[in-house]
Amino acid sequence: LQQEAPRPKRITCPQEVMSVYRFHGLISRERADELLAGTEGAYLIRESQRQPGTHTLALRFGGQTLNYRLFYDGKHFVGEKRFESVHDLVTDGLITLYIETKAAEYIAKMTTNPIYQHLGYTSLLRDKITHQLNQTRSEPKKVTFQQDEKISPSPLSRRTTIKDGPEKHCNYEKIHNFKVHTFRGPHWCEYCANFMWGLIAQGVRCSDCGLNVHKQCSKLVPSDCQPDLRRIKKVFSCDLTTLVKAHNTPRPMVLDICIKEIEHRGLKSEGLYRVSGFTEHIEDVRLAFDRDGEKADISANMYPDINIIAGALKLYLRDLPIPVITYDVYSKFIQAAKITDPDSRLEAVHDGLLQLPPAHYETLRYLMTHLKRVTMHEKDNYMNSENLGIVFGPTLMRPPDLNTLTTLNDMRYQKLIVQLLIEHEDILF
């Protein structure tokens with residue numbers, strides 16, 4: 001059908017006006033219809049009578065003249081797709097109109113019997129990670145807080161009714177990161193196995209795993225993206241779930257490596273996480289992770305000052321495109337912090353934790369366990385849970401609207417949330 005689509009033919013005029021376009025000046029729809037009559041695929045550009053100063057693309061298709069408002073911002077467009085030339089725009093438009101006219105019923109049924117679960121991307125993943133796909137998301141277990149009968153009731157006297165599960169569980173659900181893509185040569189959708197028609201921007205490609213599908217099919221693809229390390233250009237500023245899926249780890253490698261180094265030689269360092277390291281050296285650590293990944297050398301030989309490693313860890317958490325405590329649950333944690341009753345407040349915080357994506361939950365759990373160990377050396381490092389809450393509050397949670405006033409008003413609640421997570425990490429996670 002794409003090969004059969006009408007070819008574009010520009011109708012010229014001896015008195016054409018020159019601007020961004022060569023166009024017919026101010027002519028009516030009726031005059032444009034006369035000029036285009038009888039030639040499928042014929043087109044011209046005219047100045048709009050309804051909106052002088054703007055341009056209209058008149059296109060002959062299906063025995064009638066179709067009129068579209070034409071825009072230019074360095075490229076030509078009438079809809080989402082942008083083209084280097086009007087000729088390319090018309091060519092693509094005729095292909096789309098022709099296919100959607102001749103195969104409307106077929107297109108409507110394309111996604112009803114997809115091959116996605118049997119061929120292509122999914123079978124490829126099954127070969128690579130046989131047991132990880134198509135399993136239900138593993139949520140953190142719901143816990144209740146039970147009062148110890150022999151101890152006076154207080155948040156500190158609570159005990160959880162479950163034990164910690166196995167630490168390593170990397171089967172995290174991740175949505176695909178689809179972006180419009182132009183395919184060179186014939187291409188087929190990896191969801192429905194049908195041809196991806198058009199001249200440019202025929203479909204979308206996941207920038208994390210490379211899956212190619214129709215735009216309409218992208219809405220039906222399961223959240224089973226398995227990022228390809230070759231497509232992950234950096235470690236810092238990379239989406240948290242994307243990074244851990246690509247490396248098949250329960251947590252970001254930056255977290256594990258930095259915490260290991262800090263606990264090896266820095267737990268007694270005065271002002272740990274509060275004292276800043278040299279910015280240039282912290283930037284060096286960032287570049288090392290982006291370049292070398294898990295092989296990055298952050299040993300004492302390279303960086304004697306442990307504050308550089310602590311600063312790099314904070315920078316990593318701060319630069320996440322979606323904070324560890326995600327935008328979706330931010331308000332729930334802020335509301336929980338405002339609850340005055342200690343037990344109810346802990347319950348509300350725990351409910352918020354259960355709504356975090358699994359990779360975010362595990363990252364937060366591991367970090368809080370580490371910060372709890374930091375507070376055990378308070379006599380040496382002078383860092384208690386409140387001080388760490390001040391440092392990590394704005395790092396781990398940010399308001400979705402980035403409103404300055406909101407940020408200032410929420411700072412005390414951010415601090416309190418992190419303080420509670422540290423003090424009660426044994427029962428909250």
Side-chain angles (χ1 to χ4, degrees), residues 137-143 155 169 172-175 235-245 249-252 254-256 258-259 273 310 312-339 342 344-372 374-375 385-429:
R137 169 179 163 178
S138 176
E139 297 280 358
K141 293 182 180 179
K142 176 75 175 178
V143 303
H169 185 83
Y172 297 154
E173 187 178 88
K174 180 191 178 308
I175 61 172
V235 172
F236 277 60
S237 302
C238 177
D239 173 69
L240 196 156
T241 302
T242 300
L243 188 69
V244 300
K245 288 272 288 184
T249 57
R251 300 171 296 275
V254 179
L255 195 76
D256 282 2
C258 287
I259 285 178
Y273 288 117
L313 177 57
K314 288 189 295 180
L315 177 64
Y316 169 76
L317 297 170
R318 191 165 58 245
D319 278 359
L320 287 171
I322 300 175
V324 176
I325 294 178
T326 61
Y327 295 125
D328 290 341
V329 297
Y330 177 86
S331 60
K332 292 181 174 61
F333 278 91
I334 294 299
Q335 292 304 315
K338 294 178 180 179
I339 297 173
S344 300
R345 184 169 57 199
L346 277 185
E347 292 280 3
V349 169
H350 187 262
D351 288 341
L353 289 173
L354 294 179
Q355 296 178 48
L356 288 173
H360 288 248
Y361 178 91
E362 171 58 19
T363 297
L364 190 60
R365 182 198 69 78
Y366 192 77
L367 179 63
M368 292 305 113
T369 303
H370 161 66
L371 294 181
K372 184 65 171 286
V374 172
T375 63
S385 59
E386 183 177 4
N387 293 337
L388 291 169
I390 293 170
V391 172
F392 279 94
T395 300
L396 297 175
M397 51 193 305
R398 303 190 295 271
D401 55 6
L402 296 178
N403 181 283
T404 305
L405 185 60
T406 303
T407 303
L408 290 173
N409 290 337
D410 288 353
M411 282 183 71
R412 56 176 174 161
Y413 300 118
Q414 294 170 351
K415 181 215 76 170
L416 180 58
I417 288 296
V418 175
Q419 183 179 346
L420 290 170
L421 291 174
I422 295 170
E423 291 175 352
H424 306 292
E425 60 85 21
D426 57 332
I427 59 173
L428 287 172
F429 294 97

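For the numbers below, each heavy atom of this structure counts, side chains included, while hydrogens, waters and symmetry mates do not.
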side-chain contact (heavy atoms from CB on, under 4.5 Å) between Y316 and L243, intermediate numbers included: CA-CA 12 Å; Y316 169 76; L243 188 69; 3.6 Å; yes
Which pair of heavy atoms, one from T241 and one from K174, lies closest together, and at what distance? CG2-CB, 3.8 Å
Side-chain contact, heavy-atom cut-off 4.5 Å: M368 with L364? yes
What closest approach, in Å, do D426 and E423 show between heavy atoms, and which atom pair accounts for it? OD1-O, 4.2 Å
How long is the span from the NZ atom in K415 to the CD1 atom in I390, to the nearest 0.5 Å? 6.0 Å
Step by step, would you call I422 with F392 a side-chain contact (heavy atoms from CB on, under 4.5 Å)? CA-CA 11 Å; I422 295 170; F392 279 94; over 6 Å; no
Kindly check if the number of other-residue, nucleotide or ligand heavy atoms within 6.0 Å of CD1 (I175) is above 12? no
F429 six-ring face occupied by R365 cation (under 6.0 Å, within 45°): no
Any idea which heavy atoms bring Y361 and L353 closest together, and the distance? CD1-O, 3.4 Å
Does the side chain of L421 come within less than 4.5 Å of L371's, by heavy atoms? no
When rounded to the nearest 0.5 Å, the distance separating CD1 of I417 from CG of L396 is 11.0 Å
For K314 and Y273, indicate whether the former's side chain and the latter's backbone hold a donor-acceptor pair under 3.5 Å. yes
I'd like to know whether K372 forms a side-chain contact (heavy atoms from CB on, under 4.5 Å) with T375, so could you lay out the CA-CA distance, the side-chain angles of the two residues, the decisive distance to 0.1 Å, and finally the verdict. CA-CA 5 Å; K372 184 65 171 286; T375 63; 4.0 Å; yes
Checking side-chain contact (heavy atoms from CB on, under 4.5 Å) between S237 and each of D319, L320, L315, which is the one that passes? D319
What I'd like to find out is whether the side chain of I334 reaches to under 4.5 Å of the side chain of M397, using heavy atoms alone. yes
Qualifying residue, where the test is side-chain contact (heavy atoms from CB on, under 4.5 Å) with P357 and the options are T326, L240, T363, V329: T326
Report yes if some heavy atom in the side chain of H424 is under 4.5 Å from a heavy atom in the side chain of S385; otherwise report no. no
Find out whether Q335 and Y413 are in side-chain contact, i.e. whether some heavy atom of one side chain is under 4.5 Å from a heavy atom of the other. no
Taking all non-hydrogen atoms of both residues into account, name the closest pair between A337 and L416 and its distance. O-CD2, 3.5 Å
Side chains of Y330 and D410 only: does a donor on one sit below 3.5 Å from an acceptor on the other? yes
Roughly how far, to the nearest 0.5 Å, is OG1 of T242 from CD1 of I322? 8.5 Å
Could you check if a side-chain atom of R345 sits within less than 4.5 angstrom of a side-chain atom of L420, using non-hydrogen atoms only? yes
Checking R318 side chain against P323 main chain: does a donor-acceptor pair fall under 3.5 Å? no
Within the distance-only criterion (no hydrogens, no angle test), does the side chain of H360 pair as donor or acceptor with the backbone N or O of V324 below 3.5 angstrom? yes
Let's go through L356 and D328 carefully: what are the C-alpha distance in whole Å and the side-chain angles of both, what is the deciding distance for side-chain contact (heavy atoms from CB on, under 4.5 Å) to 0.1 Å, and is it a yes or a no? CA-CA 8 Å; L356 288 173; D328 290 341; over 6 Å; no
